[in-house]
Amino acid sequence: MLYREAGEFRTSYPDDSQTFPIAFDKFRYYAILAVLFVGVPFIVNDYWANAVLVPVLVWSIAALGLNILTGYCGQISLGTGGFMAVGAYSCYKLMTAFPDLNVVFCIFLSGFVTALVGIVFGVPSLRIKGFYLAVATLAAQFFLVWLFNGVPWFYNYSASGQITVPERTVFGIAVTGPYTEPWAKYLICMFFVFVLAWLARNLTRSSVGRSWMAIRDMDIAAEIIGVNPLKAKLQAFAVSSFFVGISGALFFSVYLGAVEASEAFGINQSFLVLFMVIIGGLGSIFGSFAGAAFIVLLPVLLKNLLVGRLSWPTDIATNSEFIIVGALIIFFLIVEPHGLAHLARLFKEKLRLWPFPH
Amino acid sequence: PWLSYRTGPFSPSGIPAGDGFHDYFSLLNERDGGIGGVPINVIDCETAYNTQKGVECYESTKGQGSLLYQPLSTGITYQLIPKGTAEGIPIFSMGYGRTAAADGRYFPWVFNFPAHYWDGASIAIKHILDLNGGDIAGKKITLVHLNAAYGREPIPTLQALAEVHGFEVDFVPIDFASSQEQKSQWLDIRRKKPDYILMWGWGIMNAVAIQEAANIRYPMENFIGIWWSGSENDVLPAGERAHGYKALALHRPGKGAPIFDDLQEYVFDKGLAAGTGEHAGTVLYNRGAYGAMLTAEAIKTAQEIHGVAEITPAMMRDGLENLVMTEEKMAANGFPNFGPSFAVSCENHGGGGEAWIQQWDAHATEWKLITDLIQSDKELINRLVREDAEKYAAENNIEPRDC
Amino acid sequence: MQGTLSAERERSRDALLSVNNIEVIYNHVILVLKGVSLEVPEGGIVALLGGNGAGKTTTLKAISNLLRSERGEVTKGSITYGGEPVQNLDPSALVRRGVIQVMEGRNCFEHLTIEENLLVGAFTRRDGASNVSQDLDLVYSYFPRLKDRRKSQAGYTSGGEQQLCVLGRALMSRPKMILLDEPSMGLAPQLVEEFFLIVKNLNEKEGVSFLLAEQNTNIALRFAQYGYILESGRVVLDGSASELRENPDVREFYLGMSESGRKSFRDVRSYRRRKRWLS
Amino acid sequence: MVEQLLYAIEVSLNGLMTGILYSLVALGFVLIFKASGVFNYAQGIMVLFAALTLVGLQAGQVPFAHLINAVFGTRIYSFGWNLPAIAAIALSAMVMVVLAMAVEKFILKFLVHQEPVILFMATIGLAYFLEGFGELMWGGEIKPLDLPLPVGISDTIESATFERFGYGFFIDKLDIAAACVAAVLVLSLVLFFQYSKIGRALRAVADDHQAALSVGISLRYIWVVIWSIAGIVGLAAGIMWGAKSGVQFSLSLIALKALPVLMLGGFTSIPGAILGGIIIGVGEKLFDFFMNPIIGGATENWFAYMLALIFLVFRPQGLFGERIIERV
Amino acid sequence: MSDKANSEAKPKNGSGEILMELKGISLRFGGVLAISDVSFDIKEGEIRAIIGPNGAGKSSMLNVISGFYHPQEGEIWFRGERRPSMRPHRVAAQGIARTFQNIALFKRMTTLDNIMTGRMTLMKSSFAAQALWWGPAEREETEHREKAERIIDFLGIQAIRKIPVGTLPYGLQKRVELGRALAAEPKLLLLDEPMAGMNVEEKEDMSRFILDVNDEFGTTIALIEHDMGVVMDISDRIVVMDYGKKIGDGRPAEIRNNQHVIDAYLGVAH
Ligand SMILES: Nc1ncnc2c1ncn2[C@@H]1O[C@H](COP(=O)(O)OP(=O)(O)OP(=O)(O)O)[C@@H](O)[C@H]1O
Ligand SMILES: Nc1ncnc2c1ncn2[C@@H]1O[C@H](COP(=O)(O)OP(=O)(O)OP(=O)(O)O)[C@@H](O)[C@H]1O
Ligand SMILES: [Mg+2]
Ligand SMILES: [Mg+2]
């Protein structure tokens with residue numbers, strides 16, 4: 001019985017609705033946070049920051065956002081790429097229009113702009129459901145990308161149509177632009193991840209979150225017992241887009257530095273985020289992180305292994321990568337359709353019983 | 001490193017180009033033991049034409065002593081320009097990337113010789129001027145382009161040229177996602193009957209556009225593509241009907257150059273070919289090999305300047321910046337008269353801005369050069385480049401260096 | 001008719017269906033059945049009784065092999081039908097051998113009309129369209145309500161109509177053995193009575209065997225010959241229907257009789273009483 | 001003015017033809033969705049895979065040549081034969097059947113009775129797999145499709161319309177051929193679904209896997225059948241689209257054009273796919289025609305989706321889709 | 001079963017005023033006439049049963065009351081006012097809660113969350129406060145949690161508090177559903193076959209819950225049930241429907257002897 005909850009008694013309901021009701025978990029959580037915020041910045045180098053950590057963090061935010069919409073509220077969306085583009089472009093516009101505004105503010109504001117756009121595209125969800133809705137959200141995806149591509153105002157009339165992030169600082173330290181230190185990039189993303197994960201957690205454990213889940217599990221019944229579907233769905237769209245927008249803003253400003261709508265925010269990105277959410281676990285915050293890490297890191301890992309270690313030709317390696325990723329996705333679904341998060345939960349369950357079989 | 005894409009939607013173009021690049025360096029390593037006695041290690045990194053993977057490639061390979069990046073994608077080039085600049089690794093985007101990078105004062109680490117997109121636009125118009133005895137006032141010219149940064153590159157140039165020469169120009173953007181179905185665009189073109197069509201397309205869009213042009217019986221000889229819209233991949237699906245299609249050429253097509261004998265002897269016959277070897281002589285293969293040759297020359301130049309064999313990225317940059325391509329050098333490398341002669345300088349990273357026009361002969365299934373080298377309207381182009389570079393510099397607080 | 005089978009139980013080799021000491025685990029962790037054995041003789045009606053969560057549904061699904069799609073697994077024991085082990089058969093193969101399950105919870109095909117639902121029931125039959133349509137008429141004559149609604153999509157019919165539809169659908173496959181999971185749920189009283197008469201009829205005339213998980217103990221024990229009582233995944237009591245009916249615990253907890261005859265629901269006072277066999 | 005009108009008609013006619021080509025792709029989606037409730041994301045890749053197989057077989061390409069050569073240092077690329085078109089098509093169809101069996105055996109079998117989104121995800125995994133597998137097997141180069149299909153402008157129509165209206169209409173012969181293929185396919189599929197016992201069983205499976213199992217429908221059999229048909233329909237789509245652009249990776253992206261068609265026609269309706277295709281085809285061409293001067297081009301990408309979206313707001317199950325049952 | 005000597009209705013709690021009145025309700029679906037011109041009332045504090053053969057229109061009636069179906073004809077009066085046609089969630093906010101015939105729980109949520117969702121209409125803290133888990137929001141959550149726990153205790157489902165309800169056995173799900181409806185502290189509680197799929201013992205429990213709710217909180221209850229024993233024992237008045245029409249209305253003793261009802265539904269006298 002390595003992992004125990006016996007002997008853990010909770011005498012009040014607030015205690016019981018804690019994020020980590022088991023003391024061991026809580027302790028571990030603080031330890032991890034400490035390492036992430038204080039330890040990692042000292043050792044992170046360029047490669048780790050730019051190719052591993054920052055993308056994982058940025059994608060995690062997007063996955064968190066989509067998980068709120070799809071995992072908690074049950075509305076499948078394939079418009080994530082488009083909403084990320086909204087975040088990125090509003091961030092760019094804000095940064096260039098108000099050069100003195102703190103970049104952290106800009107990023108939060110882009111989140112709000114995206115939330116508004118999300119609400120607009122969320123309206124049809126009142127009528128359209130399931131895969132029909134999923135396909136319908138592609139309208140948002142294509143329209144938004146077209147818009148940013150086609151209206152020069154969005155890219156400040158630059159000749160190429162690309163947007164490039166200007167350099168901005170926080171406390172005198174550059175966080176955007178080519179001269180940013182890797183640890184600064186990492187920390188700013190970490191900051192957003194932390195704040196947003198905390199918000200997500202709060203929302204999902206309170207009545208807003210329950211109204212989402214009710215809509216997800218059975219929308220008609222939810223309405224009959226008093227959930228306002230209009231409100232719940234639009235809230236979910238807004239919050240989800242808020243997250244996705246911030247992720248897009250970070251993707252542009254901190255991670256890539258320069259983007260073009262059709263390439264950086266294409267339909268593939270939408271699918272990618274959806275994979276993360278499903279592989280990680282629908283309706284699980286931890287799952288969003290696990291999924292993002294899985295989808296971002298697996299190809300990198302495979303590439304390092306196949307090309308770096310085994311020196312396969314790049315094309316064979318890449319094709320094999322696809323084959324392996326595809327097969328792994330299927331394998332995971334077969335082993336555990338409810339994602340990595342559920343797998344972790346089962347594992348814990350077994351650990352709790354261990355060494356007794358049942 | 002060579003950021004290649006042998007997979008994904010653009011693999012038909014990425015494969016031959018990658019083969020050419022690799023094979024040339026394999027040849028140097030096999031035949032000459034490298035450059036100046038130092039074997040060249042070409043790091044291949046697969047991007048599938050995807051920006052993010054490109055960044056990952058950059059980050060993962062830059063620690064391995066990379067001298068220079070050939071991103072082979074305009075989108076990735078944009079990512080790498082600030083990164084390379086900040087970290088002091090030169091970026092060589094041959095005939096693509098950011099046009100303004102031709103201005104070496106603002107882009108000290110970025111090179112796009114021998115010619116860039118705006119040169120291309122100007123050269124195409126020059127060709128049309130030549131066909132019409134120098135007067136194209138009132139003619140209608142349509143640009144069919146990919147609706148992306150790359151495709152929009154020539155628009156300002158064409159507008160500027162239209163003012164100068166008094167032709168009408170209009171633009172038909174095609175989104176990548178719908179580039180397989182261009183019927184409405186081509187019906188529109190059929191109705192408007194432009195005198196000439198230019199194309200800035202990529203991937204499957206080229207092939208479909210040429211098919212559709214053939215379908216509406218557009219006279220192929222009035223249809224001119226940029227050098228990225230002029231490979232065998234683009235014309236073959238249309239078969240016979242693509243006969244007469246023209247495209248700009250940065251270098252010679254075909255297997256005529258002596259270098260191919262060496263490649264056969266030292267690379268293909270030894271089983272060292274990067275791919276199947278069967279692409280040798282195709283436009284994109286030659287582009288890869290040509291790019292490799294230019295790179296090798298720049299390395300040699302760098303070695304000469306600094307007097308060492310093992311060079312650093314900074315030296316590499318100097319090599320690129322002082323590269324002088326002459327006919328003799330090309331001939332010595334087995335590429336006689338293969339590309340234009342040009343000289344790179346501190347101020348000019350864009351080369352001479354010359355290119356040929358090639359035409360597709362569907363019966364012989366080969367490209368043929370039909371003109372001499374055409375020089376772009378450098379005065380106009382340089383002005384545009386300077387303006388754009390200055391704008392970029394102003395946005396990003398970059399001070400020009402003195403040249 | 002009751003009681004005639006008590007001796008027969010010894011001759012388990014004759015049993016059409018026999019379940020030997022099976023254990024079922026869901027999701028690799030939740031142990032639900034902890035060694036259940038039971039037998040259904042050829043031509044018998046056997047009732048499976050037990051409270052909510054006792055494991056009746058799980059037992060039936062284990063037999064019909066529908067467990068796998070619920071991520072459940074039979075980890076111990078064996079199940080044989082007509083002497084042949086059936087654990088590794090596809091559910092559809094089992095249907096072709098004549099074992100059909102009526103699932104709990106009115107699993108109609110929502111988008112199909114009632115009539116289509118019934119016809120799908122005959123999917124495995126190979127004896128020609130005319131026989132099928134004859135049986136269709138038969139089902140309609142059993143349940144005239146279905147005939148009224150034959151053209152409506154099953155998803156839009158009332159709960160009871162759906163229940164009838166599922167029952168009728170099972171009959172359409174001309175089974176040798178039917179596993180019934182709470183057939184009486186949501187049916188009007190007189191229909192329940194009629195349905196059990198049909199069961200009895202099929203049993204007697206056509207020799208169809210039944211395994212019947214039922215909450216309506218009263219009626220189940222009236223029609224069954226033998227019964228098993230399941231509690232928390234174990235068989236706690238079994239015996240012929242008449243024996244069970246006489247058992248004081250069964251009388252109190254399953255038939256709702258107190259010493260002084262039937263109690264009124266209004267007078268029940270305490271919620272949590274212990275059953276004698278559990279204490 | 002008259003010319004404008006004539007042009008608009010021409011554009012619509014072409015849209016109609018294109019629309020039918022879209023529906024050919026959409027049909028594959030419909031089949032699988034209708035029969036098993038699975039939204040098969042891999043349909044686009046299946047189109048590509050089928051076409052690659054066809055071309056590869058026909059040209060006598062050695063599968064996995066690149067891999068084999070890399071591993072064994074050999075230099076084999078081709079068997080050196082050239083199969084006749086009919087034989088190659090038949091063989092490719094067989095390959096698609098084998099693929100269907102493999103999908104059932106290694107994926108679907110384990111995912112009975114899971115939520116639709118899980119199955120959807122599994123098909124995404126399949127798409128990844130096939131994408132890598134297809135390219136590894138046949139290589140990433142572009143390959144012209146060598147079938148005797150008619151292409152180019154139809155002179156008969158052009159001259160006939162020119163005589164009548166003084167304006168020659170442009171209709172692609174390939175489009176006409178595709179429309180005929182689509183019509184034949186749709187008709188036979190509709191008949192199949194309507195009049196066979198399997199048709200009903202398929203719809204039952206789509207409604208509820210477990211209940212279908214309980215009445216003795218063998219899911220495995222059904223899945224193999226329907227994925228095979230979808231694969232063969234994919235082959236047809238691959239041939240038609242491959243004739244336009246050569247067979248290469250981008251062929252799989254055509255799926256994106258099929259989705260709005262699917263949505264508009266209803267996920268479960270075969271005639272819906274055709275009608276949806278026509279509406280989308282005509283609609284997007286006309287929209288481009290009218291709006292291009294105002295808001296700039298390249299609207300086709302999103303217009304189809306917007307059209308479908310607006311339409312769905314009024315009819316959430318699409319044109320002919322099965323009504324979404326809302327009951328408690 | 002007919003031999004039992006059952007009590008007549010106990011003295012009514014509450015004022016006996018009319019809480020809800022349905023006047024001339026007709027409901028059609030295409031060609032199907034599900035309800036035709038049915039009128040009845042529900043008095044404050046009573047237990048009102050609706051019975052009738054399958055497909056008689058009982059569930060549809062509850063759906064009309066809870067605003068899910070909108071009848072083509074007829075009026076609904078609630079607490080003395082005519083109720084305009086409104087969305088179900090607004091009806092719920094007025095204090096009408098219900099359970100469903102085919103269990104409609106939120107399958108992937110835990111028992112506790114399901115019951116907390118039942119309190120949705122009573123929770124007031126703002127979106128922002130919840131996002132920040134700010135004082136009032138946390139306090140409110142705790143308060144409601146206490147109430148939910150009381151219901152859990154009351155129904156004796158403590159052990160399954162944290163289990164996703166989807167895997168629970170049928171009977172327990174029914175109980176959770178009742179809990180969810182109770183959590184809304186409704187004025188009027190609608191129960192659609194709350195005891196289907198239960199054995200006698202469990203039915204006894206369920207009856208007890210219903211009677212207690214009725215007694216202690218004075219909640220008015222309308223219930224549909226096919227078990228005549230239960231219906232006759234615990235209800236105060238019964239409406240009988242058949243083929244969408246009302247064929248009887250009255251106290252259990254009257255209904256039991258009503259010939260129409262016996263013919264159409266009971267089969268034999270109960
Ligand atoms: N898919 C599942 N996953 C996990 N546990 C399950 C699953 N299905 C059933 N169980 C558990 O198995 C136990 C037995 O359930 P089962 O449905 O067999 O009971 P039952 O006797 O049919 O009850 P009821 O009379 O209420 O239908 C229950 O405790 C239930 O929680
Ligand atoms: N949404 C709907 N569309 C079409 N018909 C419907 C709809 N809802 C109910 N019906 C029909 O109306 C009639 C009454 O249904 P209802 O569900 O009210 O019956 P019920 O009295 O509850 O029966 P049961 O006891 O079987 O649950 C049925 O014949 C049913 O098929
Ligand atoms: Mg059960
Ligand atoms: Mg009902």
Side-chain angles (χ1 to χ4, degrees), chain A residues 5 10 12-19 21 68 71-74 115 126 195-196 198-232 234-236 238-239 242-243 281-284 338 342 345 349, chain E residues 62-63 66-68 87-94 96-100 103-109 112-114 116-127 129-134 137-146 148-149 161-162 164-166 177 180-181 183-184 186 190:
Chain A
E5 74 178 13
R10 294 177 287 282
S12 72
Y13 296 126
D15 278 356
D16 195 43
S17 49
Q18 294 282 309
T19 306
I68 285 176
Y72 283 96
C73 197
L126 298 176
V195 170
L196 293 177
W198 179 71
L199 284 180
R201 167 70 198 152
N202 286 344
L203 282 173
T204 50
R205 67 174 157 171
S206 55
S207 75
V208 174
R210 282 192 296 268
S211 70
W212 291 341
M213 291 190 276
I215 291 281
R216 168 194 72 191
D217 284 352
M218 200 161 200
D219 52 354
I220 299 171
E223 185 172 3
I224 292 177
I225 70 160
V227 177
N228 182 347
L230 176 77
K231 199 167 133 203
L234 291 188
Q235 268 173 351
V239 174
F242 176 75
F243 279 49
L282 287 167
S284 152
H338 297 111
H342 197 245
R345 210 152 38 226
E349 204 103 315
Chain E
L62 287 203
N63 281 334
S66 58
F68 182 60
R87 304 279 310 176
H89 67 268
R90 308 246 302 117
V91 173
Q94 287 191 341
I96 299 182
R98 68 173 287 186
T99 68
F100 302 88
I103 297 175
L105 282 173
F106 308 125
K107 287 203 166 57
R108 283 189 280 165
M109 294 163 74
L112 180 63
D113 276 343
N114 265 287
M116 289 291 278
T117 314
R119 300 192 67 79
M120 188 65 73
T121 50
L122 305 173
M123 294 180 79
K124 297 282 176 275
S125 62
S126 73
F127 177 80
Q130 293 181 36
L132 301 174
W133 203 244
W134 190 34
E138 189 178 355
R139 263 199 310 282
E140 184 180 44
E141 184 79 12
T142 315
E143 253 167 51
H144 285 266
R145 173 75 191 270
E146 271 161 21
E149 290 289 347
R161 201 193 266 129
K162 293 273 170 86
V165 294
E177 214 186 14
R180 185 179 68 185
L190 311 172

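Naming: A, B, ... by sequence-line order, numbering from 1 per chain. Everything numeric in this text was worked out from a predicted model, so none of it was measured. The figures here come from the full heavy-atom set of this structure, side chains too, leaving out hydrogens, waters and symmetry mates.
- Of the inter-residue distances, the one linking Leu190(E) atom CG with Ile224(A) atom CD1 reads 10.0 Å to the nearest 0.5 angstrom.
- In this structure, the portion of Ile220(A) lying under 4.5 Å from any heavy atom of chain E is its side chain and not its backbone.
- Interface remark: Arg180(E) contributes side-chain atoms only to the contact with chain A (heavy atom separation under 4.5 Å).
- In this structure, no portion of Ala200(A) lies under 4.5 Å from any heavy atom of chain E.
- Met116(E) contributes atom CE, which lies 8.0 Å from atom OG of Ser207(A) (distance to the nearest 0.5 angstrom).
- One finds the CE atom of Met213(A) at 9.5 Å from the CG atom of Asn114(E) (value rounded to the nearest 0.5 Å).
- To the nearest 0.5 angstrom, Glu141(E) atom CD is 8.5 Å from Arg205(A) atom CZ.
- Between Phe106(E) and Ile225(A) the shortest side-chain heavy-atom distance falls below 4.5 Å.
- Shown here for His89(E) and Pro229(A), the closest heavy-atom pair between the two residues is ND1-CD, 3.7 Å.
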Mind running salt bridge (Lys or Arg N to Asp or Glu O under 4.0 Å) on Arg108(E) and Asp217(A) for me, showing each step along the way?
-> CA-CA 7 Å; Arg108(E) 283 189 280 165; Asp217(A) 284 352; 3.6 Å; yes

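- With a threshold of 4.5 angstrom between heavy atoms, Ala93(E) does not approach chain A through any atom at all.
- One finds the CZ atom of Phe68(E) at 8.0 Å from the CD atom of Glu223(A) (value rounded to the nearest 0.5 Å).
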Dump the intermediate steps for side chain to side chain contact (heavy atoms under 4.5 Å, CB included) on Leu132(E) and Leu199(A), then the final yes or no.
-> CA-CA 6 Å; Leu132(E) 301 174; Leu199(A) 284 180; 3.8 Å; yes

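- Counting heavy-atom pairs closer than 4.5 Å to chain A, the top residue among Met123(E), Lys107(E), Met109(E) is Met109(E).
- Ranked by non-hydrogen atom pairs under 4.5 Å with chain A, the options Leu105(E), Asp113(E), Ile96(E) are led by Asp113(E).
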